[in-house]
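Some notes on the structure that comes next.
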Amino acid sequence: NIWMSEIPLHRTPLKAINNYVIKDGKKALIIDTGFNHSLSKDAFFNNLSKLDIDIAQSEVIITHLHSDHSGLAAELYQLGAKIYFSSIDGKIAKEMGQDSRWKELEEMMFQFGFPKDSNSFDTNPAKEYSTKSDFEYTVLKEGDKIIFGNFELEVVSVPGHTPDMINLYDRKHKLYFSADHVLDEITPNIGYWGKKYTVILNQYFSSLKKIYDFDIEVMLPSHRGIISNHKKRIDELLEHHEERLEEVIKILEEKNKKMTVVEVAMNMNWRIRAKSWDEFPQPQKWFASGEAMSHLEYLAYKNKINYEIENDIFYFSKK
């Protein structure tokens, strides 16, 4: 009774999100939504129509705050669905339609080393396709259980990709919904969320190790293919980040100077169809610099590099 459909995502390299529906008559338990954009919305509701689902009788679990997962939350709430969210990610998702939230992120981009006049998020899909109306949600936390039909989904807290992301684990069926925590083919973006969230890359490592020994036969991620060997994939992700950390240290050693986050990101290797940093789309510069910062923050936390703030701009250098 689990149905998966690909919901197209307008104007992003991800291209689509895997939307999961557990069906029980006309009722459904729905996991994540897609963008607040007509392309996602039409596919989402067409799928529910084919499955003969009554949204007013249904429940929606949002695994984390990103707009490709939460964009339709307010609309579904207004149609009568019950919305579930983790506490922190739910709060941030509700702020995504407020200019004050994006002003904070613009200031963060300045701290990374971007010129102030280049920091607008107005055309960024994360802002453009976020939920715009208010909604209420029931908070999910570690260990909570959602019983639906023949499934008993246990909430697993896995901060890293976002500050308060959740996954869902059915022990009886050895089934695990990994959201963006573990993905096949691509590596989840681990960005920087500010000083109030303790060393986010370290949290991500802990979250990966936390689920390593879970008895899982099928892992259902939010993007790309289904994962049959989660331990192998987690090993690959951990190795990827170790290589990233070594790459960042090497850049600082070779340049032998104080560097901004942007300067470090410009010198890192990225899998993107752009010949130079100047050709990166602005949203990809944002994601790349956020990932660079999460690795720089981790290395500073481990006392492997120097970190200082000068005129509100972050600077890093070799030990």
Side-chain angles (χ1 to χ4, degrees), residues 1-4 7 17-36 40-41 44-45 47-48 51 53-98 101 129-173 175-181 193 197 203 207 210-211 220-222:
N1 290 329
I2 300 178
W3 302 79
M4 184 187 85
I7 305 296
I17 182 174
N18 298 333
N19 168 242
Y20 298 100
V21 175
I22 301 176
K23 182 174 162 59
D24 183 12
K26 283 184 170 291
K27 297 187 296 183
L29 181 67
I30 301 165
I31 301 172
D32 293 330
T33 73
F35 278 149
N36 183 17
S40 294
K41 189 184 300 186
F44 181 88
F45 283 106
N47 184 50
L48 294 188
L51 293 173
I53 299 298
D54 180 4
I55 194 64
Q57 298 184 49
S58 299
E59 303 174 8
V60 181
I61 299 176
I62 309 293
T63 59
H64 61 288
L65 64 91
H66 286 146
S67 299
D68 56 327
H69 296 255
S70 65
L72 299 178
E75 182 164 345
L76 297 175
Y77 171 75
Q78 291 163 0
L79 292 171
K82 183 175 183 178
I83 308 296
Y84 293 95
F85 229 130
S86 64
S87 178
I88 296 172
D89 273 29
K91 179 179 180 294
I92 298 173
K94 290 178 69 164
E95 295 171 351
M96 297 287 266
Q98 301 173 9
R101 173 67 188 168
Y129 308 139
S130 65
T131 185
K132 297 297 190 292
S133 304
D134 194 19
F135 62 94
E136 299 300 321
Y137 62 92
T138 299
V139 173
L140 290 179
K141 61 184 184 304
E142 174 79 17
D144 285 348
K145 291 182 180 177
I146 303 290
I147 297 173
F148 192 87
N150 193 35
F151 295 89
E152 184 174 293
L153 299 175
E154 180 181 336
V155 176
V156 183
S157 176
V158 286
H161 181 63
T162 62
D164 198 17
M165 186 164 71
I166 57 172
N167 285 176
L168 302 165
Y169 181 32
D170 187 307
R171 294 178 184 271
K172 182 176 72 172
H173 294 101
L175 183 70
Y176 192 91
F177 295 89
S178 65
D180 286 6
H181 183 44
W193 294 89
Y197 303 110
Q203 291 193 59
S207 294
K210 174 180 182 176
I211 69 167
L220 299 173
S222 290

(message) Would you say that I166 contacts F85 through its side chain, given a criterion of any heavy-atom pair below 4.5 Å between the two side chains?
(response) no

(message) To check you understand the geometry: which heavy-atom pair defines the closest contact between I92 and P163, and what is its length?
(response) CD1-CG, 4.4 Å

(request) Establish, from distance only, whether the side-chain atoms of D32 and T63 form a donor-acceptor pair under 3.5 Å. (result) yes

(message) A side-chain contact here means heavy atoms from C-beta on lying under 4.5 Å apart; do I22 and L153 qualify?
(response) yes

(message) Rounded at 0.5 Å granularity, tell me how far CG in L168 sits from CG in L175.
(response) 9.5 Å

(request) State which residues pass side chain to side chain contact (heavy atoms under 4.5 Å, CB included) with S40; sequence neighbours excluded, sorted by chain then number. (result) I7, L9, F35

(request) Kindly indicate, with the supporting measurements, whether the criterion side chain to side chain contact (heavy atoms under 4.5 Å, CB included) is fulfilled by L140 and S86. (result) CA-CA 5 Å; L140 290 179; S86 64; 5.6 Å; no

(message) So, using side chain to side chain donor-acceptor pair (under 3.5 Å) as the criterion, who are the partners of N1 when residues are at least two apart?
(response) none

(request) Would you mind reporting whether T33 and H69 have side-chain heavy atoms less than 4.5 Å apart? (result) no

(message) Would you say that V21 contacts N47 through its side chain, given a criterion of any heavy-atom pair below 4.5 Å between the two side chains?
(response) yes

(request) Determine which pairs satisfy side-chain hydrogen bond (donor to acceptor under 3.5 Å, both in side chains) with at least one residue from residues 18-31, sequence neighbours left out, and list them in order. (result) K26-D52

(request) Using the test ring pair (Phe, Tyr, Trp, His ring centres under 6.0 Å), find all partners of F148 that sit at least two apart in sequence or belong to another chain. (result) none

(message) Any heavy-atom pair between the side chains of I83 and T138 that's under 4.5 Å?
(response) no

(message) Could you tell me if the side chain of R171 sits less than 4.5 Å from the side chain of Y176, heavy atoms only?
(response) no

(request) Check for a donor-acceptor pair, side chain of N36 on one end and backbone N or O of Y129 on the other, with a separation under 3.5 Å. (result) no

(request) Find out whether L72 and K41 are in side-chain contact, i.e. whether some heavy atom of one side chain is under 4.5 Å from a heavy atom of the other. (result) yes

(request) For E152, check side chain to side chain donor-acceptor pair (under 3.5 Å) against everything at least two apart and list the hits. (result) K145

(message) For a side chain to side chain contact (heavy atoms under 4.5 Å, CB included) check, start with the C-alpha distance between I30 and I61, then their side-chain angles and the critical distance, and finish with the verdict.
(response) CA-CA 6 Å; I30 301 165; I61 299 176; over 6 Å; no

(request) Would you sort out whether E136 and K94 count as a side chain to side chain contact (heavy atoms under 4.5 Å, CB included), showing the intermediate values? (result) CA-CA 9 Å; E136 299 300 321; K94 290 178 69 164; 4.0 Å; yes

(request) List for me each residue that meets side chain to side chain contact (heavy atoms under 4.5 Å, CB included) alongside T162, sequence neighbours excluded, and say none if there are none. (result) H64, L65, H66, D89, M165, W193

(request) Return the set of residues passing side chain to side chain contact (heavy atoms under 4.5 Å, CB included) with S157 (not counting sequence neighbours), or none when no residue passes. (result) E142, P159, D164, K210

(request) Spell out, as yes or no, whether a donor-acceptor pair under 3.5 Å connects the side chain of Y77 to the backbone of S133. (result) no

(message) Any heavy-atom pair between the side chains of F151 and L29 that's under 4.5 Å?
(response) no

(message) T131: which residues meet the side chain to side chain contact (heavy atoms under 4.5 Å, CB included) condition with it, sequence neighbours left out?
(response) A74, F135

(message) Quick check for you: to the nearest 0.5 Å, what is the distance between S70 atom OG and I62 atom CD1?
(response) 6.0 Å

(message) Is it true that N167 and H181 share a donor-acceptor pair across their side chains at a distance under 3.5 Å?
(response) no

(request) Please list, chain by chain and in numerical order, all residues satisfying salt bridge (Lys or Arg N to Asp or Glu O under 4.0 Å) with D144, sequence neighbours excluded. (result) K141

(message) Within this structure, what is the CG-OG distance for the pair L51 and S58, rounded to the nearest 0.5 Å?
(response) 10.0 Å

(request) Sequence neighbours left out, what passes side chain to side chain donor-acceptor pair (under 3.5 Å) with Y84? Give chain and number order. (result) E59, K82

(request) Please identify each residue that fulfils side chain to side chain donor-acceptor pair (under 3.5 Å) with S130, with sequence neighbours left out. (result) K132

